[in-house]
Number of protein chains: 12
Amino acid sequence: MTDPVFKKIEITGTSSSSIEEAISNAIARAAKTIRQMNWFEVVDTRGRIDNGGVTQWQVTIKIGFSLTEMQD
Amino acid sequence: MTDPVFKKIEITGTSSSSIEEAISNAIARAAKTIRQMNWFEVVDTRGRIDNGGVTQWQVTIKIGFSLTEMQD
Amino acid sequence: MTDPVFKKIEITGTSSSSIEEAISNAIARAAKTIRQMNWFEVVDTRGRIDNGGVTQWQVTIKIGFSLTEMQD
Amino acid sequence: MTDPVFKKIEITGTSSSSIEEAISNAIARAAKTIRQMNWFEVVDTRGRIDNGGVTQWQVTIKIGFSLTEMQD
Amino acid sequence: MTDPVFKKIEITGTSSSSIEEAISNAIARAAKTIRQMNWFEVVDTRGRIDNGGVTQWQVTIKIGFSLTEMQD
Amino acid sequence: MTDPVFKKIEITGTSSSSIEEAISNAIARAAKTIRQMNWFEVVDTRGRIDNGGVTQWQVTIKIGFSLTEMQD
Amino acid sequence: MTDPVFKKIEITGTSSSSIEEAISNAIARAAKTIRQMNWFEVVDTRGRIDNGGVTQWQVTIKIGFSLTEMQD
Amino acid sequence: MTDPVFKKIEITGTSSSSIEEAISNAIARAAKTIRQMNWFEVVDTRGRIDNGGVTQWQVTIKIGFSLTEMQD
Amino acid sequence: MTDPVFKKIEITGTSSSSIEEAISNAIARAAKTIRQMNWFEVVDTRGRIDNGGVTQWQVTIKIGFSLTEMQD
Amino acid sequence: MTDPVFKKIEITGTSSSSIEEAISNAIARAAKTIRQMNWFEVVDTRGRIDNGGVTQWQVTIKIGFSLTEMQD
Amino acid sequence: MTDPVFKKIEITGTSSSSIEEAISNAIARAAKTIRQMNWFEVVDTRGRIDNGGVTQWQVTIKIGFSLTEMQD
Amino acid sequence: MTDPVFKKIEITGTSSSSIEEAISNAIARAAKTIRQMNWFEVVDTRGRIDNGGVTQWQVTIKIGFSLTEMQD
């Protein structure tokens with residue numbers, strides 16, 4: 001069996017509710033085309049302010065997934 | 001029309017409940033004297049521990065806002 | 001009275017629910033053997049992904065506590 | 001409407017003239033296959049030296065673009 | 001004579017033309033209310049992309065200026 | 001009682017004698033207009049050299065202070 | 001001739017033997033779909049421990065390759 | 001079942017032969033008193049030079065291990 | 001003879017007088033239970049401010065010491 | 001043929017006109033005594049401000065050059 | 001008049017007394033062969049521990065000096 | 001006896017075989033003109049890729065050596 005190899009991509013998810021939901025949204029979107037995602041790492045947390053309040057949480061993460069015969 | 005210019009200030013908000021609330025508290029306080037805040041960036045997340053539990057979430061953010069004719 | 005001295009240790013807590021709970025779990029576990037914990041600092045936020053969703057939030061923190069006569 | 005999600009890729013552009021042109025060249029090349037690019041961030045500025053002068057400006061940037069129904 | 005003390009503020013300037021002009025715009029705007037500015041340090045270089053080209057250079061700098069009897 | 005909020009500013013103090021005095025000078029100057037300063041963090045230590053010796057210690061610190069009803 | 005443009009991707013290679021082999025495995029896997037790879041940069045070195053010994057070396061690298069007419 | 005919690009400690013291993021052996025030596029020494037070590041991360045690679053050659057490889061790693069009922 | 005292995009711990013010392021004394025206090029306290037300490041590295045310098053003056057210097061250091069047969 | 005070895009030195013160039021010219025000035029000055037310079041990396045960009053405008057661009061770069069039989 | 005160019009070198013000074021003296025010793029030694037030194041920046045502060053006390057302060061600084069007709 | 005002072009220089013060694021050999025090559029080359037080298041620190045690990053395989057390991061290190069009466 002060969003040694004596993006992983007690719008990491010950088011995705012920014014957003015949410016009007018919470019940091020966790022912004023991350024989950026990023027992963028849910030990536031899941032549409034990537035299989036075998038294994039882990040994520042938070043890179044950066046930001047947000048948009050309108051009228052003195054947070055209206056959008058923006059979290060940039062790196063997602064690691066397996067490179068298999070099927071998937072680059 | 002002139003090119004927009006922004007100022008960034010650093011604020012630490014606190015909350016007994018969550019990271020998101022600490023950030024929102026920081027922005028709500030800043031909103032008392034600053035208008036046209038546009039975005040924030042999380043710099044640092046800390047907290048106070050009492051009796052083996054978190055009693056205060058402390059989140060330091062940078063807030064970016066427009067420098068206009070009216071506001072420095 | 002002597003000047004206080006503190007030790008900092010690095011702990012990774014996990015949770016299936018949220019970043020805050022992962023931190024609280026790390027501190028609760030440390031509280032079993034350490035007294036007089038004073039503060040924490042978030043070092044790193046990661047997580048495990050299964051079937052395209054987050055199944056485990058993993059937050060690494062540093063915990064600062066007092067070194068007293070009683071405790072190293 | 002769903003919360004927007006963005007992908008960030010890392011590109012190194014080059015130019016014999018200036019830092020700005022190296023960045024513009026990176027973006028122009030990326031534009032051949034990516035739509036809805038929104039922003040860039042400079043990561044690193046380097047260059048090649050020949051005969052005691054700069055012959056190539058090399059600027060690495062991250063480009064953020066929208067992940068839509070159409071585009072991964 | 002007392003030892004000089006300086007304050008540093010963080011400003012983001014923008015320009016449609018170049019990195020240098022974005023920096024100069026930031027400083028020109030700050031000069032409306034601050035005297036005795038001495039130096040700047042580039043913190044971050046970003047930009048906006050529209051239709052596959054850079055339409056706005058955004059450079060964040062720190063500006064150092066003297067705190068005198070007259071000015072805080 | 002509301003959750004406390006703090007602002008952090010960046011000041012460079014100088015001294016011909018020592019690092020500690022440069023920090024104290026920065027804080028003493030800031031104290032002329034800011035009340036309720038709570039803590040500082042050293043960001044950077046530099047100095048000027050004349051005739052092969054240090055003639056000025058320059059220490060940049062961040063100062064954290066309470067934002068109260070009275071003070072922005 | 002146009003100025004060359006490069007893309008950088010992030011890959012984690014693994015090996016039970018050495019750091020060098022983990023890197024070579026990452027590059028060998030990437031070579032299945034990418035041509036004209038030019039350089040790599042080590043980002044992070046980690047590993048798995050089983051029964052008190054290293055059983056897997058994990059090295060994350062960035063790989064730079066030419067964007068040509070043929071390849072994005 | 002409770003959420004797992006991990007502790008991370010920092011160890012510097014040395015070897016006259018290679019980076020990998022320095023890391024393995026660090027882990028082997030830690031294994032004398034710690035069970036259930038799971039992973040390591042390289043923090044720093046240094047070495048001693050004698051007579052113009054490397055005589056000691058020094059690698060500092062962080063080791064993560066499970067905090068169980070049995071082990072703090 | 002086996003290759004030496006070292007452990008590094010993180011301690012915050014405090015002093016009302018100087019940065020050097022805060023470091024010495026941290027080491028003196030650690031010396032109560034650790035033998036064969038070899039070196040320290042300054043990680044962070046902070047302090048408490050009361051009434052517009054520094055009342056406590058707080059310096060966080062890493063201390064490296066030998067892991068021997070006798071000591072973990 | 002032996003494996004090539006390079007030395008890197010750190011130079012700060014200045015210019016009243018632009019960032020690119022400050023870099024070119026640094027390299028031109030270094031070229032007076034160093035041959036076979038191969039590349040540079042930007043480390044830091046700063047500048048002097050007089051009367052509310054930039055009067056000097058200061059760019060610190062690292063320059064890499066070949067160590068040959070002829071040159072140290 | 002040509003634009004000034006500076007070179008930066010990295011020196012570690014030591015002292016049994018204080019951080020300031022270690023820095024001054026580094027500069028005094030450099031002054032034996034370098035003229036027109038202008039500034040220094042602290043890079044790293046470490047020290048040696050013997051018998052539970054600091055016996056040597058080790059401070060690494062960068063020194064900037066003018067490259068003139070006379071001096072490389 | 002005076003307090004020792006050290007200088008640190010930055011060298012990139014290369015090898016077609018391994019990371020360790022690239023470091024050793026850097027030190028061997030430096031040894032041709034520098035005496036009393038004491039330690040090195042790895043700064044950066046990179047490499048060249050040809051035909052989908054690593055053909056050159058490139059490791060940048062800092063080398064610390066004693067400044068004595070004899071040597072600058």
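What you see is a predicted model, and the numbers here were worked out from it, not measured in a lab. Here is how names work: the chains are called A, B, and so on, in the same order as the sequence lines, proteins then strands, and each is numbered from 1.
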Using heavy-atom distances under 4.5 Å, tell me whether B:Ile61 contacts chain A through its side chain, its backbone, both, or neither. neither

Between chain A and chain B: donor-acceptor pairs at under 3.5 Å:
| unit_1 | atom_1 | unit_2 | atom_2 | d |
| --- | --- | --- | --- | --- |
| A:Ile19 | N | B:Glu20 | OE2 | 2.7 |
| A:Thr45 | O | B:Val42 | N | 2.8 |
| A:Gly47 | N | B:Phe40 | O | 3.1 |
| A:Gly47 | O | B:Phe40 | N | 3.0 |
| A:Ile49 | N | B:Asn38 | O | 3.0 |

Quick one: closest heavy-atom pair of A:Gly52 and B:Ala31, and the distance? CA-CB, 4.1 Å

Here the gap from B:Ile34 atom CD1 to A:Ile49 atom CD1, rounded to the nearest 0.5 Å, amounts to 9.0 Å

For B:Ile19, is it the side chain, the backbone, both or neither that has a heavy atom under 4.5 Å from a heavy atom of chain A? side chain

